[in-house]
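Start at 1 with the first residue, then count along the sequence. It should be emphasised that the depicted structure is a prediction, and the values quoted were computed from it without experimental measurement.
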Amino acid sequence: MEFFGFDATVVVLALLVIALLIAGVKTVPQGFNYTIERFGRYTRTLYPGLNLIVPFIDRIGAKMNVMEQVLDVPTQEIITKDNATVSVDGVTFFQVLDAARAAYEVSGLQNALLNLTMTNIRTVMGSMDLDALLSHRDEINDRLLRVVDAAASSWGIKITRIEIKDIVPPADLVDSMGRQMKAEREKRAQILEAEGLRQSAILRAEGEKQAQILQAEGRREAAFRDAEARERAAEAEAKATALVSRAIAEGDVQAINYFVAQGYTKALEHLASAPNQKVLMLPVEATALLSSIGGIAEIAREAFAPSEAAETKRRGGTVPRMGG
């Protein structure tokens with residue numbers, strides 16, 4: 001029997017070859033791995049691209065998505081360590097690393113991952129206080145990732161990330177937290193105000209202390225200068241007394257007038273400096289006082305210009321005297 005000039009056997013063989021080629025060539029898209037089973041047993045894995053299998057003997061077992069996938073974790077209630085009930089939800093990111101293990105080690109991969117994640121969320125978050133639960137979300141994510149990833153590794157799965165999306169406490173607990181936060185802030189404000197007053201008082205006391213120290217140093221310096229001035233005055237007085245004594249010893253009677261005139265001068269000074277003294281009555285002769293002053297001038301010249309007096313005496317001259 002012939003079809004269009006070809007033998008029927010040849011045609012059948014050609015069709016059989018084409019069918020075998022179609023059955024033996026498998027194309028795997030990027031992002032997927034196919035498992036091959038022979039007589040129901042896993043034999044190998046097909047990777048993205050063109051692959052050949054034994055027609056009618058090998059068959060594709062599972063088509064595994066090896067791209068990173070997202071698993072939505074539904075909301076569930078958690079009882080914390082301090083008996084607070086909160087609602088929690090999250091997401092889990094995972095990736096199939098071994099298609100054969102993911103296909104044959106667990107049944108219902110996503111359901112298994114979901115239950116594994118939810119169970120560990122209750123375990124991890126139930127071991128923490130409410131305050132730690134609300135303030136250490138990164139720590140919770142890290143602990144969940146380590147635990148779930150270790151459990152899923154035997155399935156050829158890599159858990160890349162677990163994120164807790166929302167932690168919702170009950171309404172009455174939220175109100176209590178709000179009042180607690182307000183009280184805490186008021187407490188901090190009062191502490192800061194008290195601290196400011198304390199610092200202000202300390203600064204004022206430090207300033208007063210420094211002022212008193214500076215005043216004491218000023219008084220000490222003034223006393224030292226006064227003592228030094230008195231010492232200089234005493235030295236000058238002693239020197240003048242010595243000079244007058246020497247002049248008296250040498251027979252100069254004007255030296256006696258010096259002391260008399262000095263006494264007069266001091267007495268007049270005291271009388272003139274009296275606050276209620278407007279009129280001064282002098283029971284002394286003015287000429288006597290002038291004579292005493294003249295004697296003082298004479299003694300002063302002899303005391304402070306000894307070289308001139310010596311020169312005058314050497315020349316045989318005499319020192320003019322007033323009032324004598």
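- Looking at every heavy atom in both residues, Met64 comes nearest to Ala103 through SD-CB, 4.0 Å.
- Across all their heavy atoms, Arg161 and Leu145 have their closest contact at N-CD1, 3.8 Å.
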Carefully, step by step, assess Asp142 and Arg146 under the rule salt bridge (charged side-chain N to carboxylate O under 4.0 Å, His left out). CA-CA 6 Å; Asp142 292 339; Arg146 289 196 302 270; 5.4 Å; no
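- Two residues are said to be in side-chain contact when any heavy atoms from C-beta on lie closer than 4.5 Å; Val25 and Ile53 fail this criterion.
- In this structure a side-chain-to-backbone donor-acceptor pair under 3.5 Å is present from Thr119 to Asn115.
- If you check the side chains of Gln30 and Tyr47, you find no donor sitting under 3.5 Å from an acceptor.
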Would Arg188 and Glu184 count as a salt bridge (charged side-chain N to carboxylate O under 4.0 Å, His left out) if you check the C-alpha gap in whole Å, the side-chain angles of each, and the deciding distance to 0.1 Å? CA-CA 6 Å; Arg188 292 179 183 176; Glu184 184 67 25; 3.7 Å; yes
How far apart are the C-alpha atoms of Thr80 and Met125, what are their side-chain angles, what is the distance that settles it, and do they pass the side chain to side chain contact (heavy atoms under 4.5 Å, CB included) test? CA-CA 6 Å; Thr80 62; Met125 300 182 72; over 6 Å; no
Could you walk me through whether Arg225 and Glu221 pass the salt bridge (charged side-chain N to carboxylate O under 4.0 Å, His left out) check? CA-CA 6 Å; Arg225 296 296 177 88; Glu221 182 69 18; 3.0 Å; yes
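- Annotation for Phe56: atom CZ counts as buried by contact number, over 12 foreign heavy atoms lying within 6.0 Å.
- Put simply, the side chain of Thr35 gets close to the backbone of Ala62: a donor and an acceptor are under 3.5 Å apart.
- Contact of the Asn141 side chain with the Ile164 side chain is registered, since non-hydrogen atoms from C-beta on lie closer than 4.5 Å.
- Taken from CG in Leu214 to CZ in Arg219, the straight-line distance is 11.0 Å, to the nearest 0.5 Å.
- Between Leu114 and Val73, the shortest heavy-atom distance links the atoms CD1-CA, 3.9 Å.
- Put simply, the side chain of Leu52 does not reach to within 4.5 Å of the side chain of Lys26, judged on heavy atoms.
- Under the 4.5 Å side-chain heavy-atom criterion for Ile, Leu, Val, Met, Phe, Trp and Tyr, Met177 and Val88 are members of the same hydrophobic cluster.
- Interatomic distance, CE of Met128 versus NZ of Lys81, reported as 10.0 Å (0.5 Å rounding).
- Interatomic distance, Thr43 OG1 to Asp58 CG, rounded to the nearest 0.5 Å: 5.0 Å.
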Please assess Thr160 against Glu68 for the test side-chain hydrogen bond (donor to acceptor under 3.5 Å, both in side chains), listing each intermediate value before the final yes or no. CA-CA 8 Å; Thr160 56; Glu68 186 172 5; 2.6 Å; yes
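- Residues Leu71 and Val147 are members of separate hydrophobic clusters, defined by side-chain heavy-atom contacts under 4.5 angstrom among Ile, Leu, Val, Met, Phe, Trp and Tyr.
- Using a 4.5 Å heavy-atom cutoff, the side chains of Leu144 and Thr117 are not in contact.
- Cluster annotation: Val54 is connected to Phe39 through the hydrophobic network of ILVMFWY side chains, with a link wherever side-chain heavy atoms come within less than 4.5 Å.
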Verdict with supporting geometry, Lys239 and Glu235, salt bridge (charged side-chain N to carboxylate O under 4.0 Å, His left out): CA-CA 6 Å; Lys239 184 176 180 180; Glu235 290 176 358; over 6 Å; no
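- Considering every non-hydrogen atom in both Asn33 and Ala99, the closest pair reads CB-CB, 3.7 Å.
- Taking the charged nitrogens against the carboxylate oxygens, Glu228 and Arg232 do have a contact shorter than 4.0 Å, which makes a salt bridge.
- The distance from the CZ atom of Arg38 to the CD1 atom of Ile36 is 9.5 Å, given to the nearest 0.5 Å.
- Tyr34 carries Lys63 over the face of its six-membered ring, with the cationic atom under 6.0 Å from the centre and within 45° of the normal.
- Between Gln76 and Ser87, the side chains place no donor N or O within less than 3.5 Å of an acceptor N or O (distance only, hydrogens not considered).
- The shortest heavy-atom contact between Gln95 and Val66 is NE2-O, 3.0 Å.
- Side chains of Val70 and Thr92 form no contact here, defined as non-hydrogen atoms less than 4.5 Å apart.
- None of Asp166, Leu133, Leu134, Val168 except one satisfies the side-chain contact (heavy atoms from CB on, under 4.5 Å) rule with Val86; the exception is Leu133.
- Checking Glu195 against Gln199 by side-chain atom types alone, a donor-acceptor pair falls below 3.5 Å.
- Using modelled atom types, one side-chain atom of Asn51 and one backbone atom of Gly49 make a donor-acceptor pair closer than 3.5 Å.
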Pair Arg143-Ser127, side chain to side chain contact (heavy atoms under 4.5 Å, CB included): steps then yes or no: CA-CA 12 Å; Arg143 291 177 61 183; Ser127 64; 3.6 Å; yes
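- The environment of CZ in Arg220 is sparse: at most 12 heavy-atom neighbours from other residues, nucleotides or ligands sit within 6.0 Å.
- Shown here for Val28 and Phe32, the closest heavy-atom pair between the two residues is CG1-O, 3.3 Å.
- For the pair Thr75/Lys165, no side-chain contact is recorded, criterion being any heavy-atom separation below 4.5 Å from C-beta on.
- With salt bridges taken as basic N to acidic carboxylate O contacts below 4.0 Å, one links Arg179 and Asp175.
- Leu173 and Ile78 fall within a single hydrophobic cluster, where Ile, Leu, Val, Met, Phe, Trp and Tyr are joined by side-chain heavy atoms under 4.5 Å apart, directly or via other members.
- The structure places CD of Gln69 at 9.0 Å from CG of Leu113, a figure rounded to the nearest 0.5 Å.
- In the hydrophobic cluster analysis, where Ile, Leu, Val, Met, Phe, Trp and Tyr join through side-chain heavy atoms closer than 4.5 angstrom, Tyr104 is grouped apart from Val106.
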Apply side chain to side chain contact (heavy atoms under 4.5 Å, CB included) to residues Glu105 and Trp155 and explain how you reach the verdict. CA-CA 6 Å; Glu105 294 291 339; Trp155 301 336; 4.2 Å; yes
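- Note: Asp82 CG to Asp131 CG = 7.0 Å, rounded to the nearest 0.5 Å.
- Within 6.0 Å of the CG atom in Leu20, the count of heavy atoms belonging to other residues, nucleotides or ligands exceeds 12.
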